[in-house]
2 protein chains.
Amino acid sequence: MSPSALPYRPHNHEACVAQALADARTICQQHSARLTPTRERVLELIWQSHKPLGAYDVLAVLAEDGHNAAPPTVYRALDFLQQHGLVHRIASLNAFIGCTHAGEAHNGMFLICRACHNVLELTAPGVSSAVSRAAAAESFQPDDVTIEVAGYCPRCVSEPAHDG
Amino acid sequence: MSPSALPYRPHNHEACVAQALADARTICQQHSARLTPTRERVLELIWQSHKPLGAYDVLAVLAEDGHNAAPPTVYRALDFLQQHGLVHRIASLNAFIGCTHAGEAHNGMFLICRACHNVLELTAPGVSSAVSRAAAAESFQPDDVTIEVAGYCPRCVSEPAHDG
DNA sequence: CGAAATTTGCAACATTATAACATTAGCAAA
DNA sequence: TTTGCTAATGTTATAATGTTGCAAATTTCG
Ligand SMILES: [Zn+2]
Ligand SMILES: [Zn+2]
Ligand SMILES: [Zn+2]
Ligand SMILES: [Zn+2]
């Protein structure tokens, strides 16, 4: 494994974005869903960093684009992207982040840095199975699992803060 | 263990409330914190059922009480109660629920029924340790862990819905 | 008591999200 | 090509949730 996951180290982030957009096109085609210009632009904005973006942040950038959009436009695009597994909503932040496992069946777990605000999405099989067992012990049938861990990323535990 | 956890079966719920309030008094005393009438009333309202209650729901009941409260009153009371481990906020619902492990060190995991809206708080050591391991594998230092599982409770998997 | 700290009241405001309805774009059958 | 259908978008307004700032009241403690 890498010494440090993507969000925490310098990398060619344009490649992240390009890959995400390419994956999105493929997935939407497979789903017979239309990745319209607005939807694609919103996805691109969400991917502009590894930090989650609020719906109104997206809205503001669209406004800079000259796209005179209202809140429903953004929320609809985000709903669409969520539906097709391209973005996740982080409940504890009321914000959205690009899915790094689009297309794969996965149960995301999010590591949210309180200092630099980067978010790392993990697939943690051990966690998923532990949750399933705990739910099963109560005869509870899980449908959707939210796991969000706030704390400090490897870079920020040592140094004060990184906005990278 | 019981065949079915408390929220899912008929029980003397007044006893739940009374116990919660008694525990709260003890805990606040230990913390040298003041469980003022407003705070106690809010805690009682949160405990009125095993379903989470929104801040504005609390506000509405206070209004019925004749207590002319504004949002900050409720949010401050809720903040206080959270601070002392007496209630939890459910991020995926923007709502609050009484803590069933007040006073004990614990990492809550919440089973949220989509049909009857009851919430069961569990202490799941297996889950906590799996989360810790997953975070450690990324050199991430966890601070606060949110685990919320939406799905169907034992009663609602079979029958259409229970409001109990 | 009287100063300091905590708690509350209150008004305004900020942020996040949805409802309702009109309009337009994409696509296929007549 | 025209018609008719569905999905997508535009538009306006509003709902729901949460915060800031300051003044007044209450409690604590010397
Ligand atoms: Zn990147
Ligand atoms: Zn960080
Ligand atoms: Zn009960
Ligand atoms: Zn249920």
Side-chain angles (χ1 to χ4, degrees), chain A residues 24-25 27-46 51-63 65-84 86-97 112 117 146 148 150, chain B residues 24-25 28-43 45-46 51-63 65-84 86-97 117 146 148:
Chain A
R25 286 185 203 106
I27 288 166
C28 286
Q29 204 150 37
Q30 285 169 354
H31 293 193
S32 306
R34 292 172 49 206
L35 190 62
T36 62
T38 302
R39 289 167 176 173
E40 183 166 339
R41 177 67 175 138
V42 169
L43 180 59
E44 187 183 18
L45 292 176
I46 291 294
K51 305 175 193 183
L53 214 56
Y56 279 76
D57 296 330
V58 172
L59 197 58
V61 182
L62 287 182
D65 279 7
H67 184 321
N68 188 16
T73 299
V74 172
Y75 281 101
R76 283 171 186 151
L78 290 170
D79 283 350
F80 172 90
L81 295 170
Q82 275 186 94
Q83 220 113 55
H84 294 282
L86 301 171
V87 308
H88 294 290
R89 191 182 123 95
I90 309 292
S92 58
L93 299 177
N94 297 331
F96 300 82
I97 189 150
I112 305 166
H117 304 115
T146 299
E148 298 174 11
Chain B
R25 285 185 205 105
C28 286
Q29 205 149 37
Q30 286 170 354
H31 293 193
S32 305
R34 293 168 48 203
L35 189 61
T36 62
T38 301
R39 290 166 175 174
E40 183 167 339
R41 178 66 175 138
V42 169
L43 180 59
L45 292 176
I46 291 294
K51 304 175 194 184
L53 214 56
Y56 280 77
D57 296 330
V58 172
L59 196 58
V61 182
L62 288 181
D65 280 6
H67 185 321
N68 188 17
T73 299
V74 171
Y75 282 102
R76 287 196 284 234
L78 290 170
D79 283 350
F80 173 90
L81 295 171
Q82 275 187 95
Q83 221 113 54
H84 295 282
L86 301 171
V87 307
H88 294 290
R89 190 181 125 96
I90 309 291
S92 58
L93 298 177
N94 297 333
F96 300 82
I97 190 149
H117 305 116
T146 299
E148 300 174 10

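Quick note on labels: first sequence line is chain A, next is B, and so on, each numbered from 1.
Taking only side-chain atoms of A:Phe96, from C-beta outward, the nucleotide of D:dT20, D:dG18, C:dA17 with the closest atom is C:dA17. Ranking C:dG9, C:dA17, D:dT11 by closeness to the A:Ala55 side chain, first place goes to C:dA17. Each of C:dC10, D:dT9, C:dT18 was ranked by its minimum atom distance to the side chain of A:Tyr75; first place goes to C:dT18.
Distance CD1 (B:Ile90) to C1' (D:dA16): 18 Å, rounded to an integer number of Å. Put simply, CG on A:Asp79 is 15 Å from C1' on D:dA7, counting in whole angstrom units. Spacing between atom CZ of B:Arg39 and atom P of D:dT26 amounts to 15 Å, rounded to whole angstrom units. Atom CG in A:Leu93 sits about 13 Å away from atom C1' in C:dT16, given to the nearest Å. For B:Leu78 and D:dT19, the CG to P distance is 11 Å, given to the nearest whole Å. The separation between A:Leu35 atom CG and D:dT9 atom P is 10 Å, rounded to whole Å. The distance from atom CD of B:Gln83 to atom P of C:dT7 is 10 Å, rounded to the nearest whole Å. Atom-to-atom, CZ of A:Phe80 to P of D:dA7 comes out at 13 Å; the value is rounded to the nearest Å.
Judged by closest nucleotide on DNA chain C, B:His67 is the one of B:His67 and A:Pro71 placed further toward the 5' end. The 5' end of DNA chain C is approached more closely, in terms of each residue's nearest nucleotide, by B:Pro37 than by the other of B:Pro37 and B:Pro72.
Surrounding CD of A:Gln82 are more than 12 heavy atoms belonging to other residues, nucleotides or ligands, all under 6.0 Å away.
Counting only distance, with no hydrogens or angles, the side chain of A:Arg39 and the backbone of A:Arg34 share a donor-acceptor pair below 3.5 Å. Side chain of B:Glu148 to main chain of B:Ala91: a donor-acceptor pair is present (N/O by atom type, distance under 3.5 Å, no hydrogens or angles).
Dashed line: the shortest gap from a side-chain N or O of B:Asn94 to OP1 or OP2 of D:dG18 is under 4.0 Å. Under 4.0 angstrom from either OP1 or OP2 of D:dT26 there lies no side-chain N or O belonging to B:Arg34. Contact check, A:Thr73 against D:dG10: a side-chain N or O comes under 4.0 Å of OP1 or OP2. At least one side-chain nitrogen or oxygen of B:Thr36 sits closer than 4.0 Å to the OP1 or OP2 atom of C:dT8.
Residues B:Asn94 and B:Arg89 meet the side-chain proximity criterion, which asks for heavy atoms closer than 4.5 Å. Annotation: side chain of A:Val42 is not in contact with side chain of A:Thr73 (no heavy-atom distance under 4.5 Å).
Judged by atom type and distance alone, A:Arg76 reaches the base of D:dG10 through a side-chain donor-acceptor pair under 3.5 Å. Side-chain to base pairing of B:Tyr56 with D:dA15: no donor and acceptor N or O lie closer than 3.5 Å to each other.
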